[in-house]
There are 2 protein chains.
Amino acid sequence: MQDADLSIKKDDIDLFASLSDSEFLEVKDLFHYKKYKKGAFIIAENDLVKHVYFIRSGLVKLSCFDDDHKEFILSFAHENWWETDFPAFYNQTKSTLTLQCLEDTETYGLSFDDYTAILDKHSLSKYFLEKSIKGHIANQNRILSLLKHKPKEQYEQFLQLYPSLLQRIPKSVLCLYLGISRETLSRLYKTR
Amino acid sequence: MQDADLSIKKDDIDLFASLSDSEFLEVKDLFHYKKYKKGAFIIAENDLVKHVYFIRSGLVKLSCFDDDHKEFILSFAHENWWETDFPAFYNQTKSTLTLQCLEDTETYGLSFDDYTAILDKHSLSKYFLEKSIKGHIANQNRILSLLKHKPKEQYEQFLQLYPSLLQRIPKSVLCLYLGISRETLSRLYKTR
DNA sequence: TTAAGAAAGTGATTTCGGTCACACGTCCAT
DNA sequence: ATGGACGTGTGACCGAAATCACTTTCTTAA
């Protein structure tokens with residue numbers, strides 16, 4: 001294995017695009033590479049959430065569990081997304097959510113202190129603002145389809161928005177995201 | 001009516017807090033004051049969405065209508081919130097959402113061009129990023145309570161998070177936000 | 001190759017919440 | 001004061017989806 005494989009490169013994260021070469025060299029070591037196996041937890045319940053994670057490759061789910069251990073999926077995050085338990089990250093408190101890999105995945109972790117530092121020093125807040133707005137719009141669409149609570153429409157919206165994800169996510173997991181039972185989901189996409 | 005009443009002051013919008021007096025003078029004229037009566041539309045369907053609105057006082061609802069004119073409420077916005085039809089604002093296209101006043105409300109509108117300009121010139125992106133992250137966390141909580149779709153829990157979460165809003169919003173409107181029928185909402189808070 | 005487990009399909013039954021219908025009260029404007 | 005608009009409460013009914021129980025198919029690892 002060569003050295004080159006272990007060090008982060010400028011086009012590994014789109015965040016670096018707006019930085020000069022010297023700025024990139026300043027910040028590159030703040031991003032900590034880590035590899036997880038399918039099924040591994042990046043964040044487990046009650047972890048202290050020290051990092052926000054850039055997903056370099058793979059697929060993860062951000063979930064919440066209720067009192068009877070029923071799972072609900074807040075979001076899927078795949079290549080080029082940032083994800084973490086945001087309430088816990090921002091307040092530097094214990095997680096109430098879990099972040100678990102649906103595939104082998106590679107991440108770059110950025111600590112809270114380093115995150116706040118680069119916002120100020122390199123005015124990268126515009127980058128994160130854009131990501132956040134996109135997320136906000138996606139969330140609103142999600143809320144809308146949940147409000148309408150028509151299982152068929154929800155499934156079809158997912159199909160339309162994320163056709164490529166459909167192959168990567170088991171139906172038994174997808175239903176935890178759509179908020180419908182495994183059985184109705186199964187019955188859905190055959191009667192169409 | 002005196003002059004002073006018509007001009008924007010530094011503590012009218014928390015955004016101005018991070019600006020020096022001279023910076024404030026530079027940008028203050030970009031914010032356009034407008035007053036709406038209860039029931040008025042700030043954004044009607046198919047409007048070109050030119051502004052993002054800071055709610056100075058009052059209460060508005062951001063809604064979506066489906067094909068049979070059924071209404072769904074994406075969010076309520078009250079004092080010190082920014083609101084608009086974000087997809088339409090960011091792409092400068094026609095609105096698919098409506099923004100309507102539940103009370104007499106005062107707003108400061110900021111145009112898209114001026115918005116993008118002040119992000120760069122005065123690095124106010126950190127301010128908007130913080131607002132956006134807060135919105136993101138609120139949206140995730142909302143998604144979670146919709147996923148669980150237990151009417152009782154949804155109502156109780158709203159009660160807990162926004163107790164003061166409860167008095168300002170008719171039950172017949174609240175149910176469009178909670179995603180439950182007027183009747184079940186009515187039956188809910190007496191059998192507890 | 002096979003055994004074990006995970007994921008998915010399907011029928012039967014139940015239940016929660018939506019819809020419909022109507023009554024009641026309050027607040028204005030005529 | 002009267003009529004109308006609006007917001008709300010409540011009963012009866014019905015249907016879509018959850019739940020339960022079981023089978024079948026697909027993975028994966030020994």
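Only heavy atoms go into these numbers, but all of them, side chains included; no hydrogens, no water, no symmetry mates.
No side-chain N or O of A:Q154 forms a donor-acceptor pair with one of A:S145 less than 3.5 Å apart.
The salt bridge (charged side-chain N to carboxylate O under 4.0 Å, His left out) test applied to B:D104 returns no partner, not counting sequence neighbours. B:S20 pairs by the side chain to side chain contact (heavy atoms under 4.5 Å, CB included) definition with B:S22, B:E23, not counting sequence neighbours. Every side chain to side chain contact (heavy atoms under 4.5 Å, CB included) that A:L30 has, sequence neighbours left out, goes to A:V27, A:L110, A:D114, A:I118. For B:D113, there are no salt bridge (charged side-chain N to carboxylate O under 4.0 Å, His left out) partners two or more places apart in sequence or in a different chain. Legend: residues meeting salt bridge (charged side-chain N to carboxylate O under 4.0 Å, His left out) with B:D68, ordered by chain and number and at least two apart, are absent.
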What are the atom names and distances for every N/O pair under 3.5 Å that joins the protein to nucleotides 15-20 of chain C?
unit_1 : atom_1 : unit_2 : atom_2 : d
C:dG18 : OP1    : B:S181 : N      : 3.4
C:dG18 : OP2    : B:S181 : N      : 3.2
C:dG18 : OP2    : B:S181 : OG     : 2.9
C:dG18 : OP2    : B:T184 : OG1    : 2.6
C:dC20 : N4     : B:E183 : OE2    : 3.1

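For the pair B:I169 CD1 and D:dG7 P, the interatomic distance rounds to 13 Å; values are reported in whole Å. The distance between atom CG of A:L174 and atom P of C:dG9, rounded to the nearest whole Å, is 12 Å. We find that CG of B:L166 is positioned 15 Å from C1' of D:dG7, with the value rounded to whole Å. Atom CG of B:L176 is separated from atom C1' of D:dC6 by 14 Å (rounded to the nearest Å). Distance CG (A:L102) to P (C:dA7): 10 Å, rounded to an integer number of Å. Between the C1' atom of D:dG7 and the CZ atom of B:R168 lies a distance of 19 Å, rounded to the nearest Å. Rounding to whole angstrom units, CG of residue A:L146 and C1' of D:dA17 are separated by 15 Å.
Within the structure, every side-chain polar atom (N or O) of A:Y189 is placed at least 4.0 Å from both OP1 and OP2 of C:dA8.
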